Amino acid sequence: MKIKSLGLENIKSVEWDFEKNHLTLIDQRLIPFEVKFNQYTTVGDICEAIKTMVVRGAPAIGVTAAYATALAVKEIEDTPLCDKKEKLEEKLDLIQATRPTAVDLNNYSFRVYQAALETNFSVEESFLAARRLCNLVLEECRLICEKGAEIINDGDTILTHCNAGPLATVDYGTALGTIIHAHNQGKEIHVIADETRPRLQGAKITGWELEQEGISHQIISDSVAAFLMSKGEISKVILGADRCMKDGTISNKIGTYSVALAANYHTIPFYSAFPWSTIDKDSESIDEFKIELRDSNEVKYVKGQTEEILVANPGSEVLNPAFDITPPNLISGYITPSGVLNQEELINEINKK
Ligand code: MRU
């Protein structure tokens, strides 16, 4: 990732330092006002960073959880061997409970847990397993960018929702990554970024990343999207996913379903981009999807650079689901590391895994 305004290149939003033994996260809560790197050395503090969204975006959370699990193996180093599995599982539960919808977190932390069991709780092997998963996400995102850019045409105006750029995926990005790649190929693209209430990931993070990349864009309030579609001003929708079920049903940032319905009504192609860590192979129906409910203050207050401002009636109750669910009949294609797939091709790929 390039942070051109600071002259920084090859920056990752999540990075374990193998010499200093700490995790560095870019504090995404402060973007676009400040680029701050936070260091973490305990599982408890990393869990707090995931919950409070210092780190966000399904793949970035997944990699963070992988390193947290490796750190958990280190934290139980002095526990007697007979108790180690139980102690590690306690920490794994804490890590997996931080954010319930983004399945990458469960998939990647579980794979490091398995690596620990297979290597007799080797700290070194657990960290190496986490690093392999980090490299895997990076490689898969790179492929998503390349393959997704193929469906982007010169002159496209693309609507995106929330943020699926380099910060959300350690580097490269998924949905936004395809746009960045197409832009770097010389295609003229204009991006419409939904502001994405209540946390404003679109207005704050997507807007900032697009500016860093020099990509033409406009931020809209979420309710403008359907109007622009009705006027023929959107040529395609590309966004990410936090969970994709075996049949191609996706869960993504709240508002995605409304965008999908509007795009379908106006026959605008709608794509979801994600790496294989976002596949949920276990859920049999959407009733098993855990939709994260977040704090009411996220809706009642708007967070600016220095202060939070109350923007709702203080005495009203709030409902704040962080994600919604979009069925496959509203999805034109899935942008994956194996290419842009239709529902049947996606199901075949999932079954091979
Ligand atoms: O709550 P967030 O900001 O973690 O939600 C992120 C999203 O919904 C993204 O669209 C998704 O994680 C894909 S990130 C590549």
Side-chain angles (χ1 to χ4, degrees), residues 1 12-14 25-31 49-65 98-108 137-138 140-145 148 159-180 193-209 222 237-244 250-260 270-280 289-295 298-299 303 320-326 331 334-337:
M1 171 191 327
K12 310 259 178 284
S13 62
V14 180
L25 299 174
I26 293 184
D27 193 335
Q28 295 192 45
R29 298 169 306 179
L30 305 178
I31 301 292
I50 299 173
K51 273 190 212 158
T52 55
M53 296 177 67
V54 170
V55 58
R56 51 146 299 281
I61 299 170
V63 171
T64 304
T98 50
R99 293 205 64 194
T101 306
V103 79
D104 308 57
L105 185 153
N106 294 57
N107 287 340
Y108 272 11
V137 151
L138 288 171
E140 289 188 3
C141 287
R142 203 186 55 74
L143 288 168
I144 286 168
C145 294
L159 183 126
T160 192
H161 189 74
C162 194
N163 172 263
L167 285 166
T169 67
V170 184
D171 202 353
Y172 299 113
T174 52
L176 206 60
T178 64
I179 295 168
I180 295 169
D194 280 349
E195 63 171 348
T196 320
R197 276 280 284 154
R199 288 192 67 100
L200 301 172
Q201 291 95 326
K204 291 179 170 177
I205 305 177
T206 301
W208 182 79
E209 288 184 330
D222 298 325
V237 175
I238 307 181
L239 42 70
D242 284 79
R243 190 179 279 250
C244 176
I250 62 158
S251 185
N252 191 50
K253 179 52 58 195
I254 193 76
T256 298
Y257 180 50
S258 317
V259 172
F270 177 100
Y271 298 95
S272 172
F274 49 81
W276 296 122
S277 52
T278 304
I279 300 296
D280 169 6
F289 268 33
K290 292 186 203 109
I291 297 296
E292 178 180 358
L293 281 177
R294 291 190 63 88
D295 196 279
E298 288 187 348
V299 175
K303 200 171 184 310
N320 185 20
F323 299 95
D324 59 21
I325 295 170
T326 301
I331 302 173
Y334 300 87
I335 307 175
T336 75

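Worth knowing before you read on, the calculation uses all heavy atoms, side chains too, and leaves out hydrogens, waters and symmetry mates. The structure presented is a predicted model; accordingly, all values stated were derived computationally and were not measured. Start at 1 and go down the list; that is how both ligands and their atoms are numbered.
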(message) Within the structure provided, determine whether Val137 and Tyr108 are in side-chain contact (heavy-atom separation under 4.5 Å).
(response) yes
State which residue, out of [options], fulfils the side-chain contact (heavy atoms from CB on, under 4.5 Å) condition with [X].
{"X": "Asp194", "options": "Asn163, Thr160, Val259", "result": "Val259"}
{"X": "Ser251", "options": "Ile291, Asp324, Asp280, Thr256", "result": "Ile291"}
{"X": "Thr64", "options": "Leu105, Asp104, Val14, Thr98", "result": "Val14"}

(request) Please list, by chain and number, the protein residues whose heavy atoms come under 4.0 Å of ligand 1. (result) Met53, Arg56, Gly57, Ala58, Pro59, Arg99, Cys162, Asn163, Ala164, Ala168, Thr169, Thr174, Gln201, Ala241, Asp242, Asn252, Lys253, Phe323
(message) Between Arg294 and Glu292 (salt bridge meaning N to carboxylate O under 4.0 Å), is one present in this structure?
(response) yes
(message) Could you check whether Arg243 makes a cation-pi contact with Phe289, meaning its NZ or CZ is under 6.0 Å from the centre of the six-membered ring and within 45° of the ring axis?
(response) yes
